[in-house]
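Here is the structure we will look at.
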Amino acid sequence: MTVEIPKSLAELPVGEPRWVGRRVRRTEDAALLTGRVEFIDDVQLPGMLHCAILRSPFAHARITSIDVSAALALDGVAAVVTGADARAWANPPRSAPEGWGALCIAAEKASFVGEPVAAVAATSRYVAEDALELIEVDYEPLDVVEDPFAAMQPDSELVHEDQGTNVMMQRVFTWGEVDAALAGAAHTFTERFRWNRLGANPTETYGCVCEWDPMSLDIVVRGAMQSPSSFALGRAATFGLASNKVRVVGHAHGGSFGGKGNARGTDIACMLSRKAGGRPVKWIEDRSEYMTAGASQAWDRHYEATLTTDAEGVVTALVVKLVDDIGASGDGFGAISAAKPLTAFTGPYTIPVARYDLTLVATNKVPASPYRGMGPPPHFFVLEQMMDIAARGLAIDPAEMRRRNFIPADRFPYTIPSGNEYDSGSYERVLDEALDLAGYEQLRKDQAAARAEGRLVGIGVASAIEPGVFDWNAYAIVGMPQTGVPEGATVGVDITGSITVRVGFSHEGQGQPTLVSQLVAEYFAVEMDAVRVVHLDTASAPPSFGPGGSRLGVAITGAVLGACERVRDKMATVVAAIMHCDAGDVELRDGRFRVAGRPEVDMTVAQVAGTMLARSDLLPEGMDPLPEATYVWTAPGRTPADEEGRAKSYLTAAQAVHVVVVEIDAETGVVEIVRYCLVDDCGTRLNPVVVEGQTDGSVAQGIGAALYEEYVYGDEAQPLTASFMDYLMPTINEVPAIEKREVVTPSPVSPLGAKGCGEGAMHTTPAAVMCAVNDALAPLGVMAREVPAAPNRVWNLLRSAGTQR
Amino acid sequence: MSEHTVEVTVNGVAYTATVDARTTLVDFLRAELGLTGTHVGCEHGVCGVCTVLVDGKATRSCLMLAVQADGLRITTVEGLAEAEGLHPIQEAFAEEHGLQCGFCTPGFLMATHELLEANPDPGDDEIRDVLGGQLCRCTGYQSILRSVHLAASKTRAQRAADAHA
Ligand code: FES
Ligand code: FES
């Protein structure tokens with residue numbers, strides 16, 4: 001039977017929605033607030049050992065010998081593993097691009113500072129770290145590949161000798177008649193930009209407890225990963241096991257933002273467990289390990305962009321050349337961040353043709369990982385600076401520049417040159433609301449007055465797209481070919497009418513457990529606390545990916561509603577059999593089954609469930625008596641990528657306009673955010689409180705990206721940012737009040753019209769803040785081309801402009 | 001390794017234990033006493049996730065050794081509320097969506113507790129000043145600021161009610 005997922009709140013089987021779309025308090029909060037949620041480091045198992053990892057102090061060095069005998073002899077040490085064990089038991093992991101994966105422990109040579117060289121399992125972490133001190137490793141240092149441009153030279157030292165090059169991928173994608181557009185342009189603007197490494201840094205690092213049974217070879221991994229199913233598949237491939245031999249128990253975890261899950265650490269803990277006879281081994285990544293060797297670093301980018309316009313400032317072509325430093329291997333999947341810009345290459349604009357000249361390079365830095373937004377945030381930083389450069393060059397107001405180029409509301413669905421289709425939008429209205437919220441005209445007057453006093457005040461107006469509901473085909477150009485990312489839910493009613501929903505994702509912070517309760521409570525017209533949500537492991541949950549790529553809210557809505565529809569259909573069949581009518585005439589409304597024209601028919605969901613389970617004699621012949629159903633949702637209408645990478649990939653396209661006012665201290669180069677205003681449109685808001693929370697949090701991360709956060713490497717690719725003392729996370733003092741408004745243009749293609757919104761403002765904030773910084777600097781004739789615009793960089797710019805006093 | 005006997009009162013319960021000199025207070029609370037509500041975010045004294053009250057003062061339990069707690073009174077997140085139900089500060093964070101992943105939250109709650117004990121009517125600047133040492137990666141702090149204001153008004157109401165009783 002086909003299942004129609006409701007595309008709007010009005011299609012739900014209730015009069016007035018009580019939960020969905022309402023400002024609902026989260027069901028998960030009480031346990032979190034009282035310290036009762038079990039995070040991975042809280043897990044204690046009988047016989048559990050603790051793992052510590054010895055890491056390379058060199059960015060590039062051959063391992064000539066390793067002696068672990070003293071460590072093994074230490075009281076309390078149960079097992080030690082080295083690269084030899086990794087070679088014996090593990091394959092190099094999958095990677096993007098394929099073929100650039102590295103073993104979980106370096107066997108012949110270390111390729112970045114922090115790469116695992118050996119590991120110990122002992123009775124406590126303290127003892128395990130003591131044992132690391134007793135391991136003797138001899139290294140023969142090699143030339144270090146630090147700079148991606150030098151790395152591309154034919155005489156460069158090689159990170160992966162077997163590849164014969166440090167260039168992981170080099171390709172030019174051309175979408176439309178780009179050369180003709182460039183030749184015929186009225187105006188051409190070209191600029192270079194640099195985006196430095198930064199990353200997710202959730203407050204909880206990664207951790208896991210692993211068991212590898214030496215007899216059955218079954219693996220159980222408990223962990224704080226974002227996607228348990230991907231982790232299970234990855235471990236199975238790495239260890240050459242059937243996928244059903246690996247069971248992953250995803251724990252509630254303290255944030256992720258793309259940067260969580262350390263496959264190497266997990267594989268190491270598994271191997272230690274096997275060596276220790278199958279005892280559970282816990283590995284908790286410490287903050288320095290996370291920052292130097294975890295899923296911590298993303299987007300190390302060198303850009304050159306060209307944007308052309310006609311005489312009126314309408315953009316006619318966009319060319320982006322990117323050299324992305326992926327680091328020592330491809331198993332962090334940082335390369336997918338270079339592919340994702342295809343999903344929104346030309347932003348919210350009608351730019352008709354585009355070219356992407358993409359080079360991925362290996363160096364001796366930690367392998368790049370995903371981070372919130374997965375690549376478009378730096379791309380939009382570049383695009384929005386180019387829009388402003390063009391606006392300045394043509395003396396067009398930046399807000400007007402956007403307006404002239406926005407995709408008009410009547411042209412959706414709209415296919416962009418790089419192939420993706422945007423579902424809906426009201427971009428000009430969002431802009432109007434944002435300008436109104438900010439009081440834009442007055443802001444410009446105030447700015448003129450401030451400039452007359454010699455103050456460096458800047459206003460940024462930027463707009464970007466948030467692609468929502470990811471699909472692997474978006475990353476086809478770096479080797480991720482499939483279409484379809486399943487998310488499932490099982491909805492079951494018990495004999496008393498209580499409803500339980502079984503899902504495969506775990507709590508991460510974006511309120512999806514609450515959303516599941518909202519949806520089911522709405523559908524069957526019960527109270528939210530009557531719905532129980534159970535998070536299952538990969539052996540028992542329906543197919544699930546979990547959060548990522550701004551998808552879970554939309555995907556789980558599809559899954560839960562699909563399962564609810566199936567339960568309803570089953571129950572309607574039962575009601576029809578009992579009441580001797582046609583199932584098509586039975587309607588569920590406000591929690592009761594009724595039949596048109598027969599007022600005597602009035603059964604509650606609980607009554608039908610009770611009947612199904614306790615009176616099988618009343619059921620139609622051969623009917624499954626279980627009042628339960630599973631539905632697995634995948635985004636509809638996705639297409640495989642063509643040879644130029646073009647695909648219908650992400651299902652939804654949210655949009656936002658941010659207006660930011662900054663003032664730069666001419667003495668110190670410090671940028672202060674004076675006002676932050678934004679309007680966003682992510683379709684139907686399933687829980688507005690949660691949407692606003694995602695927006696606020698991603699503005700904060702975007703401000704960090706624009707002004708503070710940077711992983712710095714010194715000579716010989718030595719990491720200089722290994723703690724929060726050196727890597728500057730925004731605190732409550734760096735994040736200003738955020739003034740917000742919303743526009744709601746429902747998606748015509750998604751469950752309930754909701755669009756992916758979890759990555760949120762991260763797409764727009766760095767661009768908007770940098771537009772404001774450059775607006776402040778414009779009168780001086782200098783431009784900030786490098787992110788973050790930290791005080792030292794801005795101060796140098798001011799000095800080069802001769803204004804430094 | 002030198003071992004020491006410590007006597008501490010945690011959430012009103014007296015404990016006597018033998019610990020290694022190098023055991024941090026947070027490891028002691030979590031591993032020895034099983035009070036896992038206090039989390040660890042950095043072990044460098046920067047993130048504030050591990051904040052507990054030591055004799056009423058907000059303290060980073062990753063930077064303190066268990067032996068240093070000998071004779072002191074400690075309150076952790078488990079000790080904020082009665083056995084069932086939420087403390088007014090917890091209630092305020094729930095109402096204002098002051099948490100997402102919740103990993104940083106115990107630290108914020110304890111720091112807020114110290115702040116409101118000293119001043120149940122703090123302004124934005126004072127809140128920012130006190131919470132400037134607590135990192136949260138999820139919320140962007142807007143909802144935390146609102147939560148603390150709401151917690152303050154709940155605290156004032158409670159005190160007014162207590163004064164009447
Ligand atoms: S864990 Fe103690 S301050 Fe971060
Ligand atoms: S709620 Fe996740 S770090 Fe604060």
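In the text below, chain A, chain B and the rest are named by the order of the sequence lines, each starting its count at 1.
Contacts between A:F39 and chain B at a heavy-atom distance below 4.5 Å involve the side chain alone, from C-beta outward. Interface residue A:E508: only backbone heavy atoms are found under 4.5 Å from chain B. Neither the backbone nor the side chain of A:V699 comes within contact range of chain B; no heavy atoms are under 4.5 Å apart. In this structure, the portion of A:A722 lying under 4.5 Å from any heavy atom of chain B is its backbone and not its side chain. Within the 4.5 angstrom heavy-atom criterion, only backbone atoms of A:P736 (N, CA, C, O) approach chain B. Heavy atoms closer than 4.5 Å to chain A are found in both the backbone and the side chain of B:T23. Both the backbone and the side chain of A:Q694 come within contact range of chain B, judged by heavy atoms closer than 4.5 Å. Using a 4.5 Å cut-off between heavy atoms, A:R125 does not touch chain B at all. With a 4.5 angstrom heavy-atom cutoff, A:S124 does not touch chain B via any of its atoms. Within the 4.5 angstrom heavy-atom criterion, only backbone atoms of B:T139 (N, CA, C, O) approach chain A. Using a 4.5 Å cut-off between heavy atoms, B:D124 does not touch chain A at all. For B:L109, the part sitting under 4.5 Å from any heavy atom of chain A is the side chain, from C-beta outward, and nothing else. Only the side chain of B:E43 comes within contact range of chain A, with heavy atoms under 4.5 Å apart. Residue A:A200 touches chain B through its backbone alone, counting heavy-atom pairs closer than 4.5 Å. Of the two parts of B:H39, only the side chain, counted from C-beta on, holds a non-hydrogen atom closer than 4.5 Å to a non-hydrogen atom of chain A. In this structure, the portion of A:F257 lying under 4.5 Å from any heavy atom of chain B is its side chain and not its backbone.
Residues A:D680 and A:T695 are in side-chain contact: their nearest non-hydrogen atoms beyond the backbone lie under 4.5 Å apart. Looking at A:W283 and A:I40, their side chains never come closer than 4.5 Å, going by heavy atoms from C-beta outward. Looking at heavy atoms from C-beta onward, B:V67 lies in side-chain contact with B:V19 at the 4.5 angstrom threshold. B:L53 is listed as a side-chain neighbour of B:H113, based on a closest heavy-atom distance under 4.5 Å. For the pair A:L32/A:H507, a side-chain contact is recorded, criterion being any heavy-atom separation below 4.5 Å from C-beta on.
Residue B:Q100 holds its CD atom at 7.5 Å from CD of A:Q510, rounded to the nearest 0.5 Å. With rounding to the nearest 0.5 angstrom, the OG1 atom of B:T75 is 12.0 Å from the NZ atom of B:K57. Atom OG of B:S61 sits about 10.0 Å away from atom CE of B:M110, to the nearest 0.5 Å.
For the set B:G37, B:C42, B:G102, the count of heavy-atom pairs under 4.5 angstrom toward chain A peaks at B:C42. Of the residues considered (A:T731, A:L33, A:D696), A:L33 shows the highest number of contacts with chain B, using heavy-atom pairs under 4.5 Å. For the set A:M725, A:E204, A:H253, the count of heavy-atom pairs under 4.5 angstrom toward chain B peaks at A:E204. With chain B as partner, the option from A:D286, A:D41, A:I284 having the largest number of non-hydrogen pairs under 4.5 angstrom is A:D41. When each of B:L135, B:L99, B:I127 is checked for heavy-atom pairs under 4.5 Å with chain A, B:L99 comes out on top. In terms of non-hydrogen atom pairs under 4.5 Å with chain A, the most contact-rich of B:C138, B:S143, B:P106, B:G85 is B:C138. Ranked by non-hydrogen atom pairs under 4.5 Å with chain A, the options B:Q134, B:E78, B:R30 are led by B:R30. With chain B as the partner, the residue from A:G255, A:S288, A:G693, A:G511 showing the most heavy-atom pairs under 4.5 Å is A:G693. In terms of heavy-atom pairs under 4.5 Å with chain B, the best-connected choice from A:A737, A:A252, A:A31, A:A700 is A:A737.
The number of heavy-atom neighbours closer than 6.0 Å to CG of A:D75, taken from other residues, nucleotides and ligands shown, is 12 or below. Applying the 6.0 Å contact sphere to CZ of A:R741 captures more than 12 heavy atoms from other residues, nucleotides or ligands.
A:E285 and A:T205 share no donor-acceptor pair across their side chains, judged by distance under 3.5 Å alone. Side-chain polar atoms of A:E709 and A:Y727 form a donor-acceptor pair below 3.5 angstrom.
Between A:R685 and A:E742 there is a salt bridge, since at least one side-chain N of the basic residue sits less than 4.0 Å from a carboxylate O of the acidic one. The existence of a salt bridge linking B:R128 and A:E734 is excluded, since no basic side-chain nitrogen approaches an acidic carboxylate oxygen closer than 4.0 Å.
Note: B:F108 and B:F93 have tilted aromatic rings, judged against thresholds of 30 and 60 degrees for the angle between ring planes.
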